[in-house]
Amino acid sequence: YSHCRRLHPSHAGQEQQATGDVGDKASTYLIAHGGSKGSGRLWADYNNMQRQRGKATQTGAIGDNQTTIHPEHMPVEKAINTIIRPSEAIRSAIKLAIQSSSTSRSKFLALHPRIEQDMLQHRCGRYMELNLTKILDHLRGECCQNVDLLFLAVNIELVMGEPRPTLRSDLRELALENAIVLNRTRRYGLFGNESSAGLTPMFESGSRTAENIFFPEEPMDYSNTDTTPRLVSAKSLGITDLVASIVNFFTIIEAEQFIGVIKGSSFSTDLFAVRYYKGKRSNYVLSPEGVEELVGPPPPHSCG
């Protein structure tokens, strides 16, 4: 692995970092495939592999309906999707958040609508239903029966915040409507309002849970087994949004049913894959036309 040797990032300012000539320096580390100056290589290779997988789609019948069935992933991907899990701290926080949402309910429906303001004007938005009122109306079908809770995975700040001045006037109105509907659903539950509470309460996790997760401070002296690491919060580390995404991801894996978007969301696409290989098969795709069951693994991530 001599061609991978680099100075440790703490020496990043030294000239050897750029040249790769580390001489006899002991503090070296390995750069993964696609690292350093070729940072896009791994992603490009992965996308190419997924495009090849996408060419092998088939059409099958589900009852009276025809549906597209996508081939399974490569063996290494299947293995990763099967065994992937977060740290113990995050797992415990997710479990506590689910349990504290209700004392008696356990079955919940997870929904990942991409309605944040950045998506309203994103090129991938044309493949999605961006109106939260219409999205919730789609939940009245058979896909959402026999659940007790609704888990909504959204970035609250990007939905509830003041509409961006760069949005077109119609999109600003949509952003305001989505914020009102989201706030009403948070307060009164699914299909609830000021005069009648919904039968399916909504619970959230994300940033609220992430702020209370603590991690060992780095660097640690792993050679000293008696060392007790000092714990620091995700917020103090500046990674609350990242940890919130991880919390939402693995909360959705625990859901009885999951509704997400295919085109334009790598988050939903990865969730469909992980849930499929973990044996969680109640997965549904949300589009402007409605909700359709996803049979088999998802197609490769794309925005076209």
Side-chain angles (χ1 to χ4, degrees), residues 39-40 43 47 97 109-139 150-194 198 202-213 233-252 258-272 285-291 301-304:
S39 57
W43 180 244
N47 275 341
L109 164 70
L111 172 65
H112 176 232
R114 209 40 184 91
I115 58 170
E116 290 85 355
Q117 292 185 31
D118 63 320
M119 183 52 67
L120 298 185
Q121 56 187 355
H122 195 280
R123 66 185 182 90
C124 296
R126 65 184 184 273
Y127 299 110
M128 306 177 188
E129 177 55 71
L130 300 174
N131 187 305
L132 185 56
T133 301
K134 295 180 180 180
I135 291 172
L136 296 181
D137 281 341
H138 289 321
L139 304 191
L150 169 66
F151 175 71
L152 201 59
V154 295
N155 186 313
I156 297 296
E157 289 74 17
L158 291 182
V159 177
M160 303 295 290
E162 184 71 21
R164 298 179 178 184
T166 56
L167 290 176
R168 301 194 314 262
S169 58
D170 58 326
L171 294 181
R172 288 176 61 85
E173 292 179 5
L174 178 57
L176 288 171
E177 178 185 342
N178 285 344
I180 293 172
V181 174
L182 176 58
N183 189 52
R184 184 171 63 234
T185 305
R186 295 171 78 189
R187 294 183 63 184
Y188 303 109
L190 185 61
F191 310 131
N193 52 46
E194 291 81 353
M202 172 185 161
F203 83 99
E204 348 172 13
S205 193
S207 298
R208 182 183 301 175
T209 299
E211 290 177 352
N212 296 314
I213 297 177
S233 68
K235 185 175 183 179
S236 66
L237 291 171
I239 57 173
T240 300
D241 287 346
L242 173 61
V243 177
S245 295
I246 297 173
V247 167
N248 283 341
F249 189 95
F250 286 96
T251 299
I252 290 174
F258 169 53
I259 300 176
V261 294
I262 283 288
K263 289 186 176 181
S265 173
S266 58
F267 186 84
S268 277
T269 300
D270 287 344
L271 272 164
F272 283 131
V285 177
L286 172 68
S287 70
E289 290 72 38
V291 175
H301 168 65
S302 70
C303 184

Just jot down the side chain to side chain donor-acceptor pair (under 3.5 Å) partners of Thr209, sequence neighbours excluded, or say none.
Ser205
By side chain to side chain donor-acceptor pair (under 3.5 Å), Glu289 pairs with (sequence neighbours left out) Ser287
Considering all heavy atoms of both residues, which atom of [X] and which atom of [Y] are nearest to each other, and what is their separation?
X: Leu190; Y: Leu136; answer: CD1-CD2, 3.9 Å
X: Ser233; Y: Ser236; answer: O-OG, 2.8 Å
X: Asn131; Y: Thr133; answer: OD1-N, 2.9 Å
X: Phe267; Y: Ile252; answer: CE2-CD1, 4.0 Å
X: Phe272; Y: Val261; answer: CE1-O, 3.9 Å
X: Phe249; Y: Leu271; answer: O-CD2, 3.2 Å

Would you check, one step at a time, whether the test side chain to side chain contact (heavy atoms under 4.5 Å, CB included) holds for Cys124 with Met119?
CA-CA 7 Å; Cys124 296; Met119 183 52 67; 4.3 Å; yes
Run the side-chain donor-acceptor check on residues 109-117: report pairs under 3.5 Å with partners two or more places apart or on a different chain.
residue	atom	partner	partner atom	Å
His112	ND1	Ser268	OG	2.6
Arg114	NH1	Glu116	OE1	2.9
Arg114	NH1	Asp118	OD1	3.3
Arg114	NH2	Asp118	OD2	3.2
Glu116	OE2	Asn155	N	2.9
Gln117	OE1	Arg164	N	2.9
Gln117	NE2	Gly161	O	3.0

Minimum side-chain heavy-atom gap [X]-[Y] below 4.5 Å:
X: Ile213; Y: Val247; result: yes
X: Val291; Y: Glu129; result: no
X: Leu174; Y: Leu167; result: no
X: Leu132; Y: Val154; result: no

Apply ring pair (Phe, Tyr, Trp, His ring centres under 6.0 Å) to Tyr188 and list each qualifying residue two or more places apart in sequence or on a separate chain.
none
Pairwise distance [atom1]([X]) to [atom2]([Y]) - rounded to 0.5 angstrom:
X: Met202; Y: Thr185; atom1: CE; atom2: OG1; result: 7.0 Å
X: Ser207; Y: Asn248; atom1: OG; atom2: CG; result: 7.5 Å
X: Ile259; Y: Phe151; atom1: CD1; atom2: CZ; result: 13.5 Å
X: Asn178; Y: Glu173; atom1: CG; atom2: CD; result: 12.0 Å
X: Leu182; Y: Glu177; atom1: CG; atom2: CD; result: 12.0 Å
X: Leu286; Y: Leu139; atom1: CG; atom2: CG; result: 8.0 Å

Among residues at least two apart in sequence or on other chains, which ones pass salt bridge (charged side-chain N to carboxylate O under 4.0 Å, His left out) with Asp270?
none
If a pair satisfies salt bridge (Lys or Arg N to Asp or Glu O under 4.0 Å) and one of its residues is in residues 178-192, list it, with sequence neighbours excluded.
Arg186-Glu204
